[in-house]
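Take a look at the structure set out below.
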Number of protein chains: 2
Amino acid sequence: MSAYTPSETSRRSGFSLDTLRYYERIGLLSEIDRTPGGQRVFSDDDLGWLGLLRCLRDTGMPINQMCRFAELARTGEQSIADRVELLRAHAAAAEEQMALLERQYGHLREKIRYYESVLAETP
Amino acid sequence: MSAYTPSETSRRSGFSLDTLRYYERIGLLSEIDRTPGGQRVFSDDDLGWLGLLRCLRDTGMPINQMCRFAELARTGEQSIADRVELLRAHAAAAEEQMALLERQYGHLREKIRYYESVLAETP
DNA sequence: CTCACACCTGGAGCGCGCTCCAGGTCAAGC
DNA sequence: GCTTGACCTGGAGCGCGCTCCAGGTGTGAG
């Protein structure tokens, strides 16, 4: 169970220092340890949680939904069913997003091929 | 070569009326026909262009890059090489985005499975 | 002709997700 | 002990991509 400075945590999580503080302010991060002087000390658990937040962000979950998830997580084991439901709903949204992205990516490739054919015809 | 009212165009393109006007203002749409009274009349070409814009948006291209693309498109055939280059760069970005999304989606599914196993153990 | 509703313009406002700042405090190396 | 650089807080500001508004005009049905 290591301890990490804010900058180390930023480096490892990929969130900026400001973002880490912001996340704490809005309740996405809670109970972050402090030195006697008041500076944050992050734990492996915190890094794990940040990894989950990163995963949710990268798959397009809006902040307020992440807050809801964090809130559930704070209530302990009893909320696991709710949490898994939230994650499943989000996974479904991510699937739709991936499908849309792939479809439009296909159109994009078509468009590129079309332009290439125009280029080939008039050299 | 049909003509479409703004609301019809909105319906078909999926962009709101406000967005259509906004796109015209910032130069993403140009030369939109008008009635003698000043109301917009969209053509099939416009709809096609809007389809392309939709594709670029959905694959995450930022507005200012789309503006650059639109600008190139206005200069005619001579810019096709530049346009195709821009699209290829964007396609590469979209590929990265898809890869990230899929990776994180995988983590999400793992997390869900983990929660499900916790649920299964303590019923 | 009238009415209702779609549309027009310019500009302000908004929601999101950070990011930056001022003005201070803490901690580690010399 | 001093310096230096990392860190603290509260709050303001920002960039993006729209979205909304007020106040007015166009247009098509009846």
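Chain letters run A, B, ... following the sequence lines, proteins first, then strands; residues in each count from 1.
Heavy atoms of Pro62(A) sit under 4.0 angstrom from primed sugar atoms or phosphate atoms, though from no base atom. Residue Phe15(A) is classed as having no contact, given no heavy-atom separation below 4.0 Å to the nucleic acid. Counting any heavy atom pair closer than 4.0 Å across all strands shown, Arg25(A) reaches a base atom.
Residue Ile63(A) contributes atom CD1, which lies 12 Å from atom C1' of dG15(C) at whole-angstrom precision. Atom CD1 of Ile26(A) is separated from atom C1' of dT19(C) by 14 Å (rounded to the nearest Å). Atom CE in Met66(A) sits roughly 12 Å away from atom C1' in dC18(C) (whole-Å rounding). For the pair Asp33(B) CG and dC7(C) C1', the interatomic distance rounds to 16 Å; values are reported in whole Å. If you take CZ of Arg34(A) and P of dC8(D), they are 6 Å apart, rounded to a whole angstrom. Rounding to whole angstrom units, CG of residue Leu17(B) and P of dC7(C) are separated by 6 Å. The CD-C1' distance, from Gln39(A) to dC7(D), rounds to 4 Å in whole Å. Taking atom CD on Glu8(A) and atom P on dA28(C), their separation rounds to 14 Å, with Å as the unit.
Not counting sequence neighbours, Arg57(B) has no partner by the salt bridge (Lys or Arg N to Asp or Glu O under 4.0 Å) test.
Phosphate contact (OP1/OP2 of dC26(C), side-chain N/O of Thr35(A), threshold under 4.0 Å): absent. For the OP1/OP2 pair of dC18(D) and a distance below 4.0 Å, the side-chain nitrogens and oxygens of Ser16(B) include no atom meeting the criterion. OP1 or OP2 of dC18(C) sits under 4.0 Å from a side-chain N or O of Tyr23(A). When the side-chain nitrogen and oxygen atoms of Arg40(A) are compared with OP1 and OP2 of dT9(D), one or more of them lie within a distance under 4.0 Å. For Arg21(B) and dC21(D), the shortest distance from a side-chain N or O to OP1 or OP2 is not below 4.0 Å. At least one side-chain nitrogen or oxygen of Ser7(A) sits closer than 4.0 Å to the OP1 or OP2 atom of dC7(D). When the side-chain nitrogen and oxygen atoms of Thr5(B) are compared with OP1 and OP2 of dA6(C), none of them lie within a distance under 4.0 Å.
Taking 4.0 Å as the cut-off between side-chain N and carboxylate O, Arg88(A) and Glu85(A) do not count as a salt-bridged pair.
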- prompt: Under the side chain to side chain donor-acceptor pair (under 3.5 Å) criterion, do Thr9(A) and Ser13(A) qualify, and how do the steps go?
  reply: CA-CA 6 Å; Thr9(A) 308; Ser13(A) 68; over 6 Å; no
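The structure places CD of Gln104(B) at 4.5 Å from SG of Cys55(A), a figure rounded to the nearest 0.5 Å.
Here the options are Leu47(A), Asp46(A), Val41(A), the test is side chain to side chain contact (heavy atoms under 4.5 Å, CB included), and the partner is Tyr4(A); only Leu47(A) passes.
Computed from C1' positions of five pairs at each end, the angle between the two local axes of the helix from dC1(C)-dG30(D) to dC30(C)-dG1(D) equals 20°, rounded to 10 degrees.
Screening residues 54-100 of chain A for ring pair (Phe, Tyr, Trp, His ring centres under 6.0 Å), with sequence neighbours left out, gives Trp49(A)-Phe69(A).
Looking at the side chain of Asn64(A), the nearest of the listed nucleotides dC7(C), dC16(C), dG17(D) is dC16(C).
At a cut-off of 3.5 Å, with distance as the only test, a side-chain donor of Glu95(B) or Tyr105(A) sits close to an acceptor on the other residue.
Comparing Arg57(B) and Gly37(B) by the nucleotide of DNA chain D that holds the closest heavy atom to each, the one mapping nearer the 5' end is Arg57(B).
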